[in-house]
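Here the structure comes first, spelled out in structure tokens, and everything after it is commentary.
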Amino acid sequence: MRKKYEKLGILGGMGPLATYTLYKNIIEDTPAERDQEHIDMVILNAAYIPDRTNGILHGGKSPLPELLDALKILESSGCDLVAIPCNTSHYFYDEMQDSCKIKILNMIELTAEKLNQLGVSKAFLTATEGTVKTGIYQKYCARKNIEIVSPDNRETDELTRIIYEIKAGKNPDVTELKNISEKYYNLGCEKIILGCTELSLIPKKYIKNNSPETVIDAMDILKDKILESFGIKNKIT
């Protein structure tokens, strides 16, 4: 497979555990026999970036200026491809890409493409309030004629609680996440989208009744695209 890029930049810290998980998964899925066969990368754990949901929906400080500054750091570090393991931050994708000379992978768009490849016409979104209420998944999936079903307000609050407990290093009870996912799967949603990178830390068998194949993890899709972009064949595929 042809190598397209030389150095990956990961704009992380949103949150740090999700950033660590993306890095860990890239390393584990790279069939390398020596250090030099791994991807050269710069990881910026920009934990100082303001909360995305608060900034977008609740009048908090906008995270966009810090996002743009972080991209400049990665660009000046010689990165020629950037991945951002935070779904909600993709609300600002166009502004970020317009300000950056290097390619930024769009995790939401990649997920929509994957759903389309699988022939999915209807999927349920689990995510933060910011991702749910800004409609960013709906925006990209509508281009593929894919209907995105969102949780109601109570369910969104419950999902947000789980996500922020994971951010806090806790081990939350995910029973309600499973119940919500089961509800919408039984109502005709063909796939359950993990649209928050913290949710990627939960074993998929706990999300959909021991049937992980019904779960689409946006961060897994991002990881696979990174490997492809650097000419690496995922060793688990």
Side-chain angles (χ1 to χ4, degrees), residues 10-19 21-22 44-71 82-99 104-112 115 123-143 146-170 172 174 176-177 180-181 184 192-202 207 216-222:
I10 296 180
L11 202 178
M14 304 175 283
L17 275 174
T19 304
T21 301
L22 176 61
L44 179 56
N45 193 57
Y48 56 82
I49 294 175
D51 184 272
R52 281 62 61 197
T53 295
N54 190 41
I56 296 168
L57 296 179
H58 302 303
K61 183 179 179 183
S62 172
L64 183 58
E66 280 82 0
L67 287 167
L68 299 183
D69 286 344
L71 288 168
V82 171
I84 308 175
C86 170
N87 286 266
T88 312
S89 67
H90 283 67
Y91 175 78
F92 301 103
Y93 179 82
D94 290 341
E95 293 93 331
M96 290 190 292
Q97 186 61 84
D98 288 346
S99 75
I104 303 171
L105 293 174
N106 188 325
M107 180 162 53
I108 316 275
E109 186 172 38
L110 291 169
T111 302
L115 290 167
F124 175 64
L125 175 64
T126 63
T128 64
E129 181 191 13
T131 299
V132 170
K133 293 188 176 179
T134 55
I136 50 179
Y137 267 91
Q138 289 86 338
K139 171 184 174 182
Y140 288 100
C141 287
R143 298 172 183 174
I146 299 168
E147 179 186 356
I148 294 297
V149 178
S150 298
D152 62 28
N153 288 336
R154 183 199 66 80
E155 294 163 342
T156 299
D157 289 344
E158 179 62 18
L159 294 172
T160 299
R161 177 194 65 78
I162 292 170
I163 289 163
Y164 278 83
E165 285 192 12
I166 293 172
K167 285 180 178 289
K170 299 178 182 178
V174 297
E176 191 62 13
L177 169 61
I180 293 168
S181 299
Y184 286 97
I192 309 299
I193 301 171
L194 298 189
C196 176
T197 47
E198 272 72 35
L199 295 178
S200 301
L201 279 67
I202 301 172
I207 297 169
I216 293 290
D217 187 343
M219 192 155 72
D220 276 350
I221 293 169
L222 178 63

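Residues C196 and I163 approach most closely at SG-CG2, 3.5 Å, considering heavy atoms. Shortest non-hydrogen contact noted between R52 and C86 is NE-SG, 3.8 Å. Closest non-hydrogen pair, P85 versus A18, comes out as O-CB, 4.2 Å. Shortest non-hydrogen contact noted between F124 and V149 is CD1-O, 3.2 Å. Across every non-hydrogen atom of K170 and P172, the tightest pair is O-CD, 3.2 Å. Closest approach of A127 and L159 over heavy atoms only: O-CB, 3.8 Å.
When the options T156, I56, T88 are evaluated for a side chain to side chain contact (heavy atoms under 4.5 Å, CB included) with T131, the one that passes is T88.
Note: L194 CG to M219 CE = 9.5 Å, rounded to the nearest 0.5 Å. Rounding to the nearest 0.5 Å places OH of Y91 at 9.5 Å from CD1 of I136.
Residues that satisfy the side chain to side chain donor-acceptor pair (under 3.5 Å) test with Q138, not counting sequence neighbours, are S150. For the side chain to side chain donor-acceptor pair (under 3.5 Å) test, no residue two or more places apart in sequence or in another chain qualifies with T197. Legend: residues meeting side chain to side chain donor-acceptor pair (under 3.5 Å) with E109, ordered by chain and number and at least two apart, are absent. Annotation: side-chain contact (heavy atoms from CB on, under 4.5 Å) contacts of I221 (sequence neighbours excluded): L110, T111, K114, I216. Y137 meets the side chain to side chain donor-acceptor pair (under 3.5 Å) test with N87; sequence neighbours excluded.
Note on R161 versus E165: salt bridge recorded, some NZ/NE/NH1/NH2 to OD/OE distance being below 4.0 Å.
Side-chain N or O atoms of T19 include none that pairs as donor or acceptor with a backbone N or O of G12 at under 3.5 Å. With hydrogens and angles ignored, the 3.5 Å screen pairs a side-chain donor or acceptor of E155 with a backbone N or O of D152. A donor-acceptor pair is defined here as one N or O able to donate and one able to accept, closer than 3.5 Å; no such pair exists between the side chain of N45 and the backbone of A47.
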Practice task
Could you walk me through whether L222 and L22 pass side chain to side chain contact (heavy atoms under 4.5 Å, CB included), step by step?
Solution key: CA-CA 9 Å; L222 178 63; L22 176 61; 4.1 Å; yes
Handout entry: I192 and L125: CA distance, side-chain angles, deciding distance, side chain to side chain contact (heavy atoms under 4.5 Å, CB included) verdict
Key = CA-CA 6 Å; I192 309 299; L125 175 64; over 6 Å; no
Problem - Residue pair R154, E176: steps toward the side chain to side chain contact (heavy atoms under 4.5 Å, CB included) verdict - result: CA-CA 11 Å; R154 183 199 66 80; E176 191 62 13; 3.2 Å; yes
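Here the side chains of I104 and N106 are not in contact, with every heavy-atom distance at 4.5 Å or above. In this structure the side chain of T126 never reaches within 4.5 angstrom of the side chain of P151, judged on heavy atoms. With a 4.5 Å cut-off on side-chain heavy atoms, L11 and I49 count as touching. Two residues are said to be in side-chain contact when any heavy atoms from C-beta on lie closer than 4.5 Å; E129 and L57 meet this criterion. Between N153 and K133 the shortest side-chain heavy-atom distance falls below 4.5 Å. Put simply, the side chain of L199 reaches to within 4.5 Å of the side chain of I162, judged on heavy atoms. Taking 4.5 Å as the limit, every side-chain heavy atom of M107 sits out of range of all side-chain heavy atoms of I84. For the pair S200 and D220, the minimum side-chain heavy-atom distance is 4.5 Å or more.
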Pairs of donor and acceptor atoms involving the side chains of residues 60-68, under 3.5 Å and at least two apart or interchain, shall be tabulated with distances.
residue, atom, partner, partner atom, Å
K61, NZ, E66, OE2, 3.0
S62, OG, L64, N, 3.2

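No side-chain donor from either of D98 and Y93 sits under 3.5 Å from a side-chain acceptor of the other.
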